[in-house]
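Please read these numbers as outputs of a predicted model, since none were measured by experiment. Chain identifiers are assigned alphabetically (A, B, ...) following the order of the sequence lines, protein sequences preceding nucleic acid strands; residue numbering begins at 1 within each chain.
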There are 2 protein chains.
Amino acid sequence: MTNGNFKKPSTRNQKKQAILDAAEKIFAEYGFKGATTQMIADFAGIPKANLHYYFPTKEALYSQVVQNIFDIWLEAADSFDQNMDPAIALASYINKKMEISRAHPNGSKVWANEVMHGAPIIQDYLETTLKEWTTSREAVIQSWIDEGRMDKIDPKHLLYMIWATTQHYADFVHQVQTLNDGQPFDDGAWQAATRDVKKIILAGVGLQTGGDDGDH
Amino acid sequence: MTNGNFKKPSTRNQKKQAILDAAEKIFAEYGFKGATTQMIADFAGIPKANLHYYFPTKEALYSQVVQNIFDIWLEAADSFDQNMDPAIALASYINKKMEISRAHPNGSKVWANEVMHGAPIIQDYLETTLKEWTTSREAVIQSWIDEGRMDKIDPKHLLYMIWATTQHYADFVHQVQTLNDGQPFDDGAWQAATRDVKKIILAGVGLQTGGDDGDH
DNA sequence: GTCTATAGAATGATAGAC
DNA sequence: GTCTATCATTCTATAGAC
């Protein structure tokens, strides 16, 4: 009896993760209201009542999914530093953002949905964590401009262009695929997209792309 | 009695338009499932049953909203022609897309929502009208590249970048506003955004922006 | 054409047995 | 911890009076 809590130490977290994975996919495809806890439970392979045992409400589950996505964004957020070469820093950031769009398209969609609907759940994150990160990166870009290392533009619009363009390949993957004769991007298509995005943005701010594109 | 159908000749269309305007706003804010016909009817100032008199089902109303948005997109679609100067043509297209993002943010959001969820309603439009338009514009851009008038990139990625970036200011307006200290963009901010977007993209493909930016 | 009242279906959440 | 049965609510759509 007393050792019952020593068995299957990670079962609880494994099950929660399975539910979160299912929820990310279902929320991305159907939206918060369009997704039902029944769909998520079915996709996770558990009864609906069991889902409610791990996540008491639909909103608590959704909130966790959105926060997980936000953490993934932030992992790519430390790509550039004031002391780095701007071309390498921006290229590395674009590389990481494109990789995330390919690896986590559903997370990107849930985030986009949340923001488009006025960010009812993650407004605090926008105002604190994202605001602080954005402000600090704008300062880095501005310092590069002040030092004459890149063209003069408002840093915020450069950041928005990078976010919008890289996330387009996740959020609008259905449209991109339809225009690609119904075929999903293969390795070569992803590499070509990443190359062209980096080329246009770097050349756009006066940074010529050489052989070193900040790959990691 | 017999002249009853001569009175208020446009009342029906005016009422349908009021419902469509309300529907665009509510669908943009809450998504297809999140929006209720009751909310739309309230916002349009009519009883719910009256809404169902003009639009028999929620889906029929939504479909009309999406098609209206698509028509707006296409109005900006004839901005560039093979015989035009590429810098002027692309600048004009970006100008128009930015104006639409400012004038019709809700339409852009409904479109984004629809595509993100797999385009269940407008898949036919993607495969026919959008595919044909995109193919023809890719050919125009490719001809400019072949003539050495701009840098070599895959035209589709240039188009996606223009779409993604211009629509970001509509779809993510809540995030943009939060990062703008909670203030919506004023005239100057919109002009600055449009200027920087054009600057980066045109310079990015080797087209220097002069005084003539294709404004209309 | 308009509107009240309601039917009919779907869904989030829980009680309670195991 | 797990799962069946079910409650309570919400929403689309319509019947039928005016």
message = Checking B:Glu59 now: which residues fulfil side chain to side chain donor-acceptor pair (under 3.5 Å) with it, not counting sequence neighbours?
response = none

key: Nucleotide interval of DNA chain C bounded by contacts with chain B (heavy-atom cut-off, under 4.0 Å)   = C:dG1 to C:dT4

query = Do NZ/NE/NH1/NH2 and the carboxylate oxygens of B:Lys156 and A:Asp196 come within less than 4.0 Å?
reply = no

message = Strictly distance-based, threshold 3.5 Å: is any side-chain N or O of B:Thr165 a donor or acceptor partner for the main-chain N or O of B:Ile162?
response = no

query = How about B:Trp73 and B:Phe70: are their ring centres within less than 6.0 Å of each other?
reply = no

ask   = What residues form a side chain to side chain donor-acceptor pair (under 3.5 Å) with A:Thr194, not counting sequence neighbours?
value = none

request  = Check each residue of residues 48-56 of chain A for a non-hydrogen atom within less than 4.0 Å of any atom in DNA chain D, then write out the ones that pass by number, or none.
outcome  = A:Ala49, A:Asn50, A:Tyr53, A:Tyr54

task = Decide, yes or no, whether a salt bridge links A:Asp187 with A:Arg102 under the criterion of side-chain N to carboxylate O below 4.0 Å.
result = yes

request  = With sequence neighbours excluded, tell me which residues meet side chain to side chain contact (heavy atoms under 4.5 Å, CB included) with B:Asp171.
outcome  = A:Met116, A:Phe172, B:Ser108, B:Lys109, B:Ala112, B:Gln167

request  = Give a yes or no on whether the backbone of B:Lys33 and the side-chain of A:Lys33 come within a donor-acceptor separation of less than 3.5 Å.
outcome  = no

inquiry  = With salt bridge (Lys or Arg N to Asp or Glu O under 4.0 Å) as the criterion, how do B:Asp21 and B:Lys16 come out once you've worked through the C-alpha distance, each side chain's angles and the decisive distance to 0.1 Å?
reply    = CA-CA 9 Å; B:Asp21 290 345; B:Lys16 287 188 74 168; over 6 Å; no

inquiry  = For the backbone of B:Ile121 and the side chain of B:Glu114, can you confirm whether one donor and one acceptor N or O come within less than 3.5 Å of each other?
reply    = yes

ask   = Under a 4.0 Å heavy-atom cut-off, which of residues 17-45 of chain B touch DNA chain C?
value = none

